[in-house]
There are 2 protein chains.
Amino acid sequence: MFTESAMSRQTRVVADFAPPCHQPSTIEELFSKQMAERFEAGSAVFWEGDTASHVFAVTEGVLRIFKIMSDGRRVITGFVYPGDLLGVSLRDSYLYTAEAVTTARVRRFGRTRFQDEINHSPDLRPQLFAQLCDEMAAAQDQMVLLARKSAEERVSSFLLVIMRRLRREQQEQPVIELPMTRQDMADYLGLTIETVSRTMTKLTTCGVIAPTGRHAVVIKRLAKLLVLAGEGDVGYASDETNSIRRAVWPEYYTAQ
Amino acid sequence: MFTESAMSRQTRVVADFAPPCHQPSTIEELFSKQMAERFEAGSAVFWEGDTASHVFAVTEGVLRIFKIMSDGRRVITGFVYPGDLLGVSLRDSYLYTAEAVTTARVRRFGRTRFQDEINHSPDLRPQLFAQLCDEMAAAQDQMVLLARKSAEERVSSFLLVIMRRLRREQQEQPVIELPMTRQDMADYLGLTIETVSRTMTKLTTCGVIAPTGRHAVVIKRLAKLLVLAGEGDVGYASDETNSIRRAVWPEYYTAQ
DNA sequence: CGACACGTTGAGGGCACTCAATAGTGGTGG
DNA sequence: CCACCACTATTGAGTGCCCTCAACGTGTCG
């Protein structure tokens with residue numbers, strides 16, 4: 001895979017009946033021509049161990065990817081949002097099960113076809129590589145969370161991660177949507193449903209967050225949440241670090 | 001990055017004074033021409049947050065890669081063995097610190113140069129991709145371990161992972177070398193040094209392992225270790241599953 | 001309104017952590 | 001050769017955080 005030549009590119013374009021002058025320059029664009037499929041909440045896109053025949057791009061909704069131990073213990077290794085790819089990191093079979101949390105829309109490519117596309121496009125390769133790097137960075141952060149953070153730190157970190165994700169995708173959002181159940185959060189954070197619930201209550205009582213219905217919260221005190229998440233290096237932070245943080249969250253970052 | 005043209009390849013080859021007829025066909029071969037550098041136990045190859053200027057290949061020794069929280073909590077996200085790459089998953093700066101556990105030898109490429117090489121070689125790209133997939137699969141397994149496994153399961157799983165790794169690299173090895181300290185193991189498994197020590201003692205008492213000095217053990221009962229690791233789906237296993245397992249560890253797998 | 005799923009709250013227990021003391025291990029020098 | 005030290009590992013006692021088990025709210029559907 002990843003081979004490239006003027007010859008093979010020509011071949012591909014002809015096979016697709018696409019105008020040779022209009023190559024997709026982003027992965028999003030590449031998938032946009034594929035048929036959109038709809039998955040209802042709770043339905044699976046693929047299962048761990050299935051032969052990995054397709055690569056998916058999420059255009060709408062949220063999915064969970066998870067592994068299950070032989071005795072039923074479940075670990076959610078990530079939540080997948082619009083713009084994310086699904087099923088890329090694989091050998092011959094999928095590493096995890098992917099299931100819709102909300103009604104979701106995805107587009108798919110045959111694995112071989114996707115690899116050809118990536119191979120032939122010098123524009124797409126770095127995008128795919130960047131996606132994989134982001135995925136790896138997220139996995140590393142998750143390992144830190146699971147290995148060493150307290151329940152309070154885990155829940156706080158989770159809220160921050162979701163916040164940043166929504167910010168990237170959508171507009172300014174003081175309200176954070178949490179479409180997943182408490183059980184999903186627990187299986188993602190390595191906690192029980194009861195501990196997640198208790199911790200959310202505690203954060204509410206402290207005035208850090210304010211619930212808006214069951215599946216959304218408003219962050220009232222971001223600075224405090226950062227500290228609780230274990231990202232608050234306030235005691236050690238240089239002026240430079242703090243100025244960077246202010247640049248990242250200008251409207252939120254106020255000492256409280 | 002990953003951009004490609006006949007022109008740039010020409011430039012590269014001339015700059016290296018390498019024979020155009022002898023392209024490296026494996027990543028190992030690619031690195032073999034680079035100077036080997038020696039790192040003493042405890043010394044760092046690079047630090048988390050450093051500008052990611054190089055990609056490394058380990059040829060000898062073992063390294064640990066870790067992240068540290070602002071208050072000093074350390075999480076080892078992986079151990080790196082000969083044949084592994086180091087510093088590939090990155091954006092602009094390294095995701096983690098890499099430190100030699102034992103005296104280690106590594107070879108390096110400038111990041112840009114490495115990307116060029118990968119870009120220009122249809123042989124190397126799938127190898128790199130496969131490496132990244134393995135890394136991702138390992139990260140997922142680690143998340144399962146950290147999120148849901150007991151101390152006993154964690155230590156047992158760790159021993160199995162190391163065993164498989166040594167088996168891949170070296171010859172048949174009943175003795176498993178554990179060059180890292182108990183603190184390293186603890187920071188990898190999300191436990192304390194005391195819990196690791198107690199669990200190792202317990203496994204020894206049970207007759208599952210037998211210590212050979214401080215930094216090596218012999219696995220006496222693999223079947224039991226598999227069960228303790230949470231990989232023992234014995235109660236559920238189909239004949240097919242078991243036959244697969246026997247094929248993987250033919251000389252070890254005996255019901256005990 | 002009842003059934004059901006999901007979420008919250010409470011009481012008690014256990015696994016792993018903390019703190020502390022002891023025992024190996026390896027290196028150095030008298 | 002052995003005393004001495006620094007470092008690492010083991011073992012023990014007690015605590016605490018989170019889990020387990022259980023009951024009670026809450027929201028949604030028929």
Side-chain angles (χ1 to χ4, degrees), chain A residues 40-42 64 69 71-76 99 101-103 145-158 177-206 209-217 228 230, chain B residues 40-42 64 69 71-76 101-103 145-159 177-206 209-217 228 230:
Chain A
E40 294 302 323
R64 57 184 163 247
M69 293 175 64
D71 61 357
R73 283 174 281 183
R74 187 179 72 159
V75 178
I76 294 182
E99 223 174 63
V101 171
T102 66
T103 301
L145 181 146
L146 293 170
R148 291 287 180 231
K149 288 190 178 180
S150 69
E152 193 175 83
E153 289 171 326
R154 292 182 200 205
V155 173
S156 301
S157 297
F158 175 72
E177 297 287 337
L178 300 171
M180 64 292 292
T181 65
R182 291 287 188 268
Q183 186 64 64
D184 286 336
M185 288 173 59
D187 288 345
Y188 181 60
L189 299 174
L191 300 169
T192 60
I193 187 174
E194 294 95 332
T195 300
V196 170
S197 184
R198 269 185 261 270
T199 307
M200 292 289 284
T201 302
K202 191 173 168 189
L203 291 178
T204 304
T205 307
C206 294
I209 61 173
T212 305
R214 274 288 191 289
H215 289 289
V217 295
L228 292 177
Chain B
E40 294 302 322
R64 58 185 162 245
M69 294 176 63
D71 60 357
R73 282 174 283 184
R74 187 180 72 159
V75 178
I76 293 181
V101 171
T102 65
T103 300
L145 181 146
L146 293 171
R148 291 289 179 230
K149 289 191 178 180
S150 68
E152 193 176 83
E153 289 172 325
R154 292 181 199 205
V155 172
S156 301
S157 297
F158 175 72
L159 293 175
E177 297 288 337
L178 301 171
M180 63 292 294
T181 65
R182 292 288 189 268
Q183 186 64 64
D184 287 336
M185 288 173 59
D187 288 345
Y188 181 61
L189 299 174
L191 300 170
T192 59
I193 187 174
E194 294 95 333
T195 300
V196 170
S197 184
R198 269 185 261 270
T199 308
M200 292 288 284
T201 302
K202 192 173 168 189
L203 291 178
T204 304
T205 308
C206 294
I209 61 173
T212 305
R214 272 286 195 290
H215 291 290
V217 295
L228 293 176

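In what follows, chains are A, B, ... by sequence order, proteins preceding strands, each numbered from 1.
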Round to a whole Å and report the spacing from NZ of B:K202 to C1' of D:dG12. 16 Å

Under 4.0 Å from OP1 or OP2 of D:dC17: is there any side-chain N or O of A:S150 that close? no

4.5 Å side-chain heavy-atom contact, A:D187 and A:R73: no

A:L178 side chain near A:M200 side chain, heavy-atom distance below 4.5 Å: yes

Should B:L159 and B:L203 be marked as a side chain to side chain contact (heavy atoms under 4.5 Å, CB included) after you check the CA-CA gap, both sets of side-chain angles, and the distance that decides it? CA-CA 11 Å; B:L159 293 175; B:L203 291 178; 4.0 Å; yes

Derivation of the side chain to side chain contact (heavy atoms under 4.5 Å, CB included) call for B:R74 and B:D184: CA-CA 9 Å; B:R74 187 180 72 159; B:D184 287 336; 2.7 Å; yes

Specify the separation, in whole Å, of atom CE of A:M200 and atom P of C:dT8. 7 Å

Close residues, residues 183-196 of chain A, relative to DNA chain D [heavy-atom separation under 4.0 Å]: A:G190, A:L191, A:T192, A:E194, A:T195

Interface polar pairs with nucleotides 23-30 of chain D, N/O, under 3.5 angstrom:
none

Can you find a heavy atom in the side chain of B:L191 that is under 4.5 Å from one in the side chain of B:V155? yes

Expected output: side-chain A:R182 to main-chain A:E194 donor-acceptor under 3.5 Å: no

Indicate whether OP1 or OP2 belonging to C:dA16 is found under 4.0 Å from a side-chain N or O atom of B:R198. no

To the nearest angstrom, the CZ-P distance between B:R182 and D:dC7 comes to 19 Å

Find the bend of the helix from C:dC1-D:dG30 to C:dG30-D:dC1 as the angle between its two terminal axes (five pairs each), to the nearest 10°. 30°

Integer-rounded Å distance: D:dC17 P and A:K149 NZ: 18 Å

What nucleotide, of C:dA16, D:dA9, C:dG7, holds the atom closest to the side chain of B:S197? D:dA9

Is the shortest side-chain heavy-atom distance between B:E153 and B:R148 below 4.5 Å? no

Please confirm whether the backbone N or O of B:I193 pairs with a side-chain atom of B:S197, one donor and one acceptor, at under 3.5 Å? no

Could you state the atom-to-atom distance from CG of A:L178 to C1' of C:dC6 in whole Å? 15 Å

A side-chain contact here means heavy atoms from C-beta on lying under 4.5 Å apart; do B:K202 and B:E152 qualify? yes

Main chain of A:T181, side chain of A:H215: is a donor-acceptor contact present, judged purely on distance under 3.5 Å? no

Please check if the side chain of B:R154 supplies one atom and the backbone of B:K149 the other of a donor-acceptor pair under 3.5 Å. yes

